Amino acid sequence: MSVRVRYAPSPTGSPHVGNIRTALYNHLFAKRFGGVNILRIEDTDRARAIEGCEEDIIESLRYVGVLWQEGPGAAAVPGRHDFGPYRQSERKEAGIYEPHWRRLLEEGNAYWAFDTEDELKEMRAIQEANKQSTGYFGGTWREATPSQIEQAQREGKPGVVRLKIPRGKTIVIEDAVRGRIEYDSNLVDDPVLIKADGMPTYHFAAMVDDHLMEVTHIFRGEEWISSAPKHVTLFKALGWTSPIMVHLPVINGRDGKKLSKRHGDTACLDFRRAGFQGEALANFIALIGWAPGGDREVMSMDEMAEAFDIRGIQPSSGVFDLEKLNWMSGMHIRRTTPDDLLSSICEYADRGETEAYWSGRPPGEGEPNPRLRLKGLRLLSARAKDDRSYALEAVKLEQERVTNLAGFGEACLFFVQPEVEFDPKAVDKWFGEPHVRALFEWLLSRLEGPVSSLDSVEKYEALLREAQGALSLEKLGPVVHPVRVALTGKTTGPGLFELMNVLGKDEVAKRLAAALKELPS
RNA sequence: GGCCCGGUGGUCUAGCGGUUAGGACGCCUCCCUUUCAAGGAGGAAAUCGCGGGUUCGAGUCCCGUCCGGGCUACCA
């Protein structure tokens, strides 16, 4: 039987990295075994539904490179059996669930219950007072007679359908990650299958859909593990075989607590806004909770799919370590071809959310200066439009010292800004040296004079070495460093000769002249 | 409270009865070098949560215990 898996989010918020990791595992697993990945929207809770959420889900998936062959946003394949619709609200409307719960009722595996909210609350209070487990273990309705039920219905009481969990048994679940887990069925309460508004609950809809959609493996968060006995009971009652369950460990924040807003970026799309490439994020989150064989870490989506194996999934929870993401992101930046990289940078720079993301951060304290970053990004993207090869050369020179798309903003800024913005510390460090004025003037005279063509890295190097000799300097450093500050405004960056070669003779001359004016008199 | 899951350096992890407990991020040192990175070579950092067993031998198996987490909804 071929593999069929599903990512089944409920549209209650923008998916965070933990959710997306689940989606990623589904994709990797399907891809590894040539199976199908399904996107199914679990929108059975009308009260919690958030408008526009489905778009966020789809965008998040596309961003990290998760593919799905069935469900909203999937391209229809002619001739293939369609298991849709793929939104549970639509499935409910289509009457897909009803025959199954009716059957459960008829066969005595489920029952109507008409407890009011207050009655339920009171029951729970009593259970708590008596230190019993809370939940619906029978109440007044599990063993109600048909006439009692009829009467309640006649009175128009709102009712729910509950699954009748068999008592006095051991319910066994086989988890692919943790192995065999046993539950005392007396401790498993009767879950609601159909709510009073007629909508199915997760417990019912998800399992019915998994069966109908011929799902073979259920990848889901660990938080579902304790309701798994309800699910296997349901499958059994319906005479269906349960898919293999794969419960995934949770991802925590730095402090070991569940990932939340106070950890900063947690939504998948936050990382797109921050400038991480989708594949880098995917690589990183895949490795929280899963280890491919060997010592491999930096992997493309294809490489991960090839290596993906449930046996490599960790049962223990993991921590989201931004430092390591940064490193991994840098590795992916280096693996990207310069041409693709430039395209990604421009796309990133041009996206509206980028500006919103960075301009909303306070300047200072942290490393990146949002103002310079945005300025660089904007200018670089503009430059790429009318002189792509220039922008490409700039990107190439910065490629190995930048860790994500956003970093090209400040890194490439000096290449594309009309006037260099000097870092005061760089100026303090080098422009005060006594030989600098003479150095700049010497270079300027050579550049403005009838020099032979300066069209290679080597020629720039030769020029600077000549300057070193002309000024009788022992080392090349005193030549290189001030010139670097003059041309870039900074003390760090690509090799000076390389960068001069990209800037070109005229621009170098212009900047040297401008720098001369910055020198203390 | 009850039930369930988890526990190897700060972090991600390898390990599947016998290893000097391996790798990666981060940190430190050195090399390379015009700076910063990248790259290379080293280093500090884990009595494998703790305590008992089983065994010639335990991170690996068993029990207990502690700590962390999840569930305990007509939410998913």
Side-chain angles (χ1 to χ4, degrees), chain A residues 8-12 42-45 47-48 113 115 117 120-121 124 127-128 130-136 158-162 173 175 177-178 181-184 186-189 191-203 205-206 220-229 247 249-250 252 254 256-258 284 287-298 311-312 314-328 330-331 334 398-403 411 426 430 461 464 468 475-481 483-485 488 490-497:
Chain A
S10 60
T12 51
E42 310 232 324
D43 55 349
T44 54
D45 186 357
R48 294 206 314 156
D115 309 81
E117 208 176 306
L120 255 18
K121 211 186 250 173
R124 202 169 307 133
Q127 286 168 335
E128 274 168 21
N130 294 334
K131 294 190 172 170
Q132 295 170 309
S133 357
T134 55
Y136 203 88
V160 300
V161 176
R162 284 181 187 271
I173 76 161
D175 178 69
V177 176
R178 286 153 240 267
I181 304 167
E182 294 183 357
Y183 289 87
D184 175 352
N186 290 158
L187 267 17
V188 180
D189 68 332
V192 169
L193 264 21
I194 301 298
K195 302 182 244 184
D197 66 0
M199 287 297 269
T201 59
Y202 170 88
H203 298 305
R220 65 196 339 186
E222 192 180 42
E223 67 272 20
W224 289 109
I225 209 158
S226 39
S227 37
H247 289 99
V250 299
N252 292 320
R254 260 290 221 201
K257 299 266 168 58
K258 199 175 166 185
F284 176 69
L287 262 31
I288 304 177
W290 171 64
D295 290 331
R296 282 175 298 172
E297 287 208 293
V298 181
R311 283 172 298 189
Q314 194 78 3
S316 54
S317 55
V319 169
F320 190 98
D321 180 14
L322 191 60
E323 299 269 14
K324 189 153 185 177
L325 202 215
N326 280 324
W327 166 79
M328 185 161 276
M331 298 308 283
R334 259 140 250 150
E398 295 291 357
Q399 186 166 9
E400 67 182 23
R401 63 205 92 229
V402 165
T403 57
W430 291 106
E461 176 165 6
L464 294 206
Q468 179 192 353
K475 289 185 168 178
L476 194 58
V479 174
V480 165
H481 300 306
V483 174
R484 171 187 300 285
V485 175
T488 73
K490 307 180 293 184
T491 55
T492 62
L496 183 65
F497 318 134

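Nothing here was measured: the structure is a model prediction, and the numbers come from that model. Every chain is numbered from 1 and lettered A, B, ... according to where its sequence line falls, protein lines coming before strand lines.
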Not counting sequence neighbours, which residues clear salt bridge (charged side-chain N to carboxylate O under 4.0 Å, His left out) with [X]? List them please.
{"X": "A/R296", "value": "none"}
{"X": "A/E182", "value": "A/R180"}
{"X": "A/R178", "value": "A/D175, A/E222"}
{"X": "A/D295", "value": "none"}

Please enumerate all residues that pass side-chain contact (heavy atoms from CB on, under 4.5 Å) together with [X], with sequence neighbours excluded.
{"X": "A/R484", "answer": "A/T488, A/L496, A/L499"}
{"X": "A/H203", "answer": "A/P191, A/T201, A/W224, A/S227, A/K230, A/H231"}
{"X": "A/P158", "answer": "A/A196"}
{"X": "A/A291", "answer": "none"}

Does any N or O donor sit under 3.5 Å from an N or O acceptor when you compare the side chain of A/R178 with the base of B/rC5?
no
Going 5' to 3' along nucleotides 62-76 of chain B, which nucleotides have protein heavy atoms under 4.0 Å from the base (write B), which only from the sugar-phosphate (write S), and which from neither (write -)?
-------SSSSSBBB
Tell me, for nucleotides 8-14 of chain B in 5' to 3' order, what letter each nucleotide earns: B for a base near a protein heavy atom under 4.0 Å, S for only sugar-phosphate near one, - for neither?
---SBSS
If you compare all heavy atoms of [X] against all heavy atoms of [Y], which two are closest, and at what distance to 0.1 Å?
{"X": "A/E42", "Y": "A/S10", "answer": "O-CB, 3.2 Å"}
{"X": "A/A426", "Y": "A/T491", "answer": "CB-CG2, 3.6 Å"}
{"X": "A/K195", "Y": "A/P200", "answer": "CE-O, 3.6 Å"}

Euclidean distance, atom [atom1] of residue [X] to atom [atom2] of [N] [Å, nearest integer]:
{"X": "A/R484", "N": "B/rC36", "atom1": "CZ", "atom2": "P", "value": "9 Å"}
{"X": "A/K131", "N": "B/rG1", "atom1": "NZ", "atom2": "P", "value": "9 Å"}
{"X": "A/E398", "N": "B/rC36", "atom1": "CD", "atom2": "C1'", "value": "9 Å"}
{"X": "A/L187", "N": "B/rG2", "atom1": "CG", "atom2": "C1'", "value": "7 Å"}
{"X": "A/H481", "N": "B/rU33", "atom1": "NE2", "atom2": "P", "value": "14 Å"}
{"X": "A/E323", "N": "B/rG26", "atom1": "CD", "atom2": "P", "value": "7 Å"}

Along RNA chain B (nearest heavy atom to each residue), the more 5'-positioned of A/I181 and A/V402:
A/I181
Pick the [atom1] atom in [N] and in [M], then give their distance to the nearest Å.
{"N": "B/rU60", "M": "B/rC50", "atom1": "P", "value": "10 Å"}
{"N": "B/rG51", "M": "B/rC66", "atom1": "C1'", "value": "10 Å"}
{"N": "B/rU11", "M": "B/rA46", "atom1": "P", "value": "13 Å"}
{"N": "B/rU55", "M": "B/rG10", "atom1": "C1'", "value": "35 Å"}
{"N": "B/rC5", "M": "B/rC61", "atom1": "P", "value": "15 Å"}
{"N": "B/rA45", "M": "B/rA38", "atom1": "C1'", "value": "25 Å"}
{"N": "B/rA44", "M": "B/rG59", "atom1": "C1'", "value": "23 Å"}
{"N": "B/rA37", "M": "B/rC31", "atom1": "C1'", "value": "15 Å"}

Assign A/P494 to base, sugar-phosphate, or nothing according to its heavy-atom contacts below 4.0 angstrom with the strands shown.
base
List in chain and number order the residues that pass side chain to side chain donor-acceptor pair (under 3.5 Å) with A/Y202, two or more places apart in sequence or in another chain; answer none if no residue qualifies.
A/R220
Salt bridge or not for A/K324 and A/E297, using N-O below 4.0 Å?
yes
What is the pairing partner of [N], taking Watson-Crick or G-U wobble pairs with both distances under 3.5 Å in any strand?
{"N": "B/rC75", "answer": "none"}
{"N": "B/rA24", "answer": "B/rU11"}
{"N": "B/rU60", "answer": "none"}
{"N": "B/rC67", "answer": "B/rG6"}

Can you tabulate the close N/O pairs, meaning under 3.5 Å, that link protein atoms to atoms of nucleotides 41-45 of chain B?
none

